[in-house]
Engineer: 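Shown below is the structure under consideration.
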Amino acid sequence: MSDQGTTAPHFNVHTVSYEPSPEWGGHKKFLYESPDGARKAGSFKEFGQFTEVMPFDEFIYVVAGSTRVAIQGGETFALVAGDCCYLRKGLSVTFDHAPDFHDVAVLMSYGDDDAPAA
């Protein structure tokens with residue numbers, strides 16, 4: 001039996017098997033998920049355009065492809081392979097992912113008290 005305190009989850013984002021991700025369009029593979037679901041890390045292959053109010057803080061590192069990120073009331077910018085960004089819980093964000101978009105992300109939820117005021 002392995003000791004969770006001395007192990008580190010790991011995989012190669014180019015060779016791991018992905019599962020369908022209908023909620024985001026595309027495929028996903030979680031590397032880690034905390035028992036309470038408040039912290040997750042994984043790799044995502046997504047495509048298409050969608051808008052969401054961020055339900056968590058998210059750090060994104062783009063592995064391949066590109067996306068356009070438009071923050072309601074704020075800036076719009078492009079991310080390409082090698083770029084990263086940090087999006088805060090509560091932001092309304094429109095993503096426009098290219099067909100080959102692939103990222104690694106860390107999703108963190110700390111409760112309602114860290115959300116920006118409406």
Side-chain angles (χ1 to χ4, degrees):
M1 178 184 285
S2 68
D3 178 4
Q4 288 185 346
T6 60
T7 62
H10 59 282
F11 62 64
N12 183 297
V13 299
H14 300 292
T15 59
V16 70
S17 294
Y18 286 80
E19 56 197 53
S21 177
E23 67 272 30
W24 294 304
H27 294 84
K28 66 184 175 187
K29 179 65 176 182
F30 283 112
L31 174 66
Y32 173 80
E33 184 171 356
S34 64
D36 63 0
R39 294 177 315 282
K40 301 176 185 183
S43 184
F44 306 88
K45 296 180 176 185
E46 304 164 306
F47 57 88
Q49 184 180 58
F50 65 95
T51 301
E52 74 173 331
V53 174
M54 300 301 293
F56 36 70
D57 281 11
E58 182 172 359
F59 171 80
I60 299 169
Y61 176 79
V62 181
V63 175
S66 64
T67 189
R68 183 175 164 270
V69 179
I71 300 171
Q72 182 180 0
E75 65 182 317
T76 297
F77 54 93
L79 296 173
V80 299
D83 288 342
C84 60
C85 74
Y86 191 92
L87 300 171
R88 296 281 301 159
K89 178 179 177 179
L91 290 175
S92 179
V93 180
T94 299
F95 296 93
D96 189 2
H97 299 314
D100 62 345
F101 180 71
H102 181 184
D103 72 329
V104 172
V106 177
L107 318 171
M108 300 154 285
S109 181
Y110 303 104
D112 293 331
D113 56 341
D114 66 346

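Keep in mind it's a predicted model, so treat the numbers as computed, not measured. Quick note: residue numbers are just sequence positions, from 1.
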Engineer: Minimum heavy-atom separation for Ser34 to Ala38, with atom names?
Structural biologist: OG-N, 3.2 Å

Engineer: Might you work through the side-chain contact (heavy atoms from CB on, under 4.5 Å) test for Gln72 and Thr94, ending with a clear yes or no?
Structural biologist: CA-CA 8 Å; Gln72 182 180 0; Thr94 299; over 6 Å; no

Engineer: Measure the CZ-CZ distance between Phe30 and Phe11 for me, rounded to the nearest 0.5 Å.
Structural biologist: 9.5 Å

Engineer: At their closest point, which heavy atom of Ala105 faces which heavy atom of Glu58, and how far apart are they?
Structural biologist: CB-OE2, 3.5 Å

Engineer: Kindly indicate, with the supporting measurements, whether the criterion ring pair (Phe, Tyr, Trp, His ring centres under 6.0 Å) is fulfilled by Phe47 and Phe95.
Structural biologist: CA-CA 9 Å; Phe47 57 88; Phe95 296 93; over 10 Å; no

Engineer: Closest approach of Met54 and Arg88, non-hydrogen atoms and distance?
Structural biologist: CB-O, 3.6 Å

Engineer: On a heavy-atom basis, which atom in Asp83 and which in Ala78 lie closest, and how many Å separate them?
Structural biologist: OD2-O, 4.0 Å

Engineer: Determine, stepwise, if the pair Phe59 / Tyr86 fulfils ring pair (Phe, Tyr, Trp, His ring centres under 6.0 Å).
Structural biologist: CA-CA 4 Å; Phe59 171 80; Tyr86 191 92; 7.1 Å; no

Engineer: Would you check, one step at a time, whether the test side-chain contact (heavy atoms from CB on, under 4.5 Å) holds for Glu46 with Ser21?
Structural biologist: CA-CA 8 Å; Glu46 304 164 306; Ser21 177; 5.6 Å; no

Engineer: Please tabulate, for side-chain N and O atoms in residues 62-69, each donor-acceptor pair with protein atoms closer than 3.5 Å (sequence neighbours left out).
Structural biologist:
from  : atom 1 : to    : atom 2 : distance (Å)
Thr67 : OG1    : Asp96 : O      : 3.3
Thr67 : OG1    : His97 : ND1    : 2.7

Engineer: Walk me through it: do Val106 and Tyr61 pass the test side-chain contact (heavy atoms from CB on, under 4.5 Å)?
Structural biologist: CA-CA 9 Å; Val106 177; Tyr61 176 79; over 6 Å; no

Engineer: Taking all non-hydrogen atoms of both residues, which atom of Ala70 and which atom of Thr76 are closest, and how far apart?
Structural biologist: CB-OG1, 3.5 Å

Engineer: Please lay out, stage by stage, how Ile71 and Leu87 fare under the test side-chain contact (heavy atoms from CB on, under 4.5 Å).
Structural biologist: CA-CA 9 Å; Ile71 300 171; Leu87 300 171; 4.2 Å; yes

Engineer: Among His102, His14, His27, Lys28, find the residue that satisfies the side-chain contact (heavy atoms from CB on, under 4.5 Å) test when tested with Ser43.
Structural biologist: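 So, applying the side-chain contact (heavy atoms from CB on, under 4.5 Å) to Ser43 and each of His102, His14, His27, Lys28, only His102 qualifies.
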
Engineer: Does CD in Glu52 sit with more than 12 non-hydrogen atoms of other residues, nucleotides or ligands closer than 6.0 Å?
Structural biologist: yes

Engineer: Side-chain heavy atoms nearer than 4.5 Å, only ILVMFWY residues, links allowed to pass through others: does that put Val93 and Val53 together?
Structural biologist: no

Engineer: Please identify each residue that fulfils salt bridge (Lys or Arg N to Asp or Glu O under 4.0 Å) with Glu75, with sequence neighbours left out.
Structural biologist: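 None.
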
Engineer: Give a yes or no on whether the backbone of Val13 and the side-chain of Tyr18 come within a donor-acceptor separation of less than 3.5 Å.
Structural biologist: yes

Engineer: Do Tyr32 and Met108 land in one hydrophobic cluster if side-chain heavy atoms of ILVMFWY residues count as linked below 4.5 Å?
Structural biologist: no

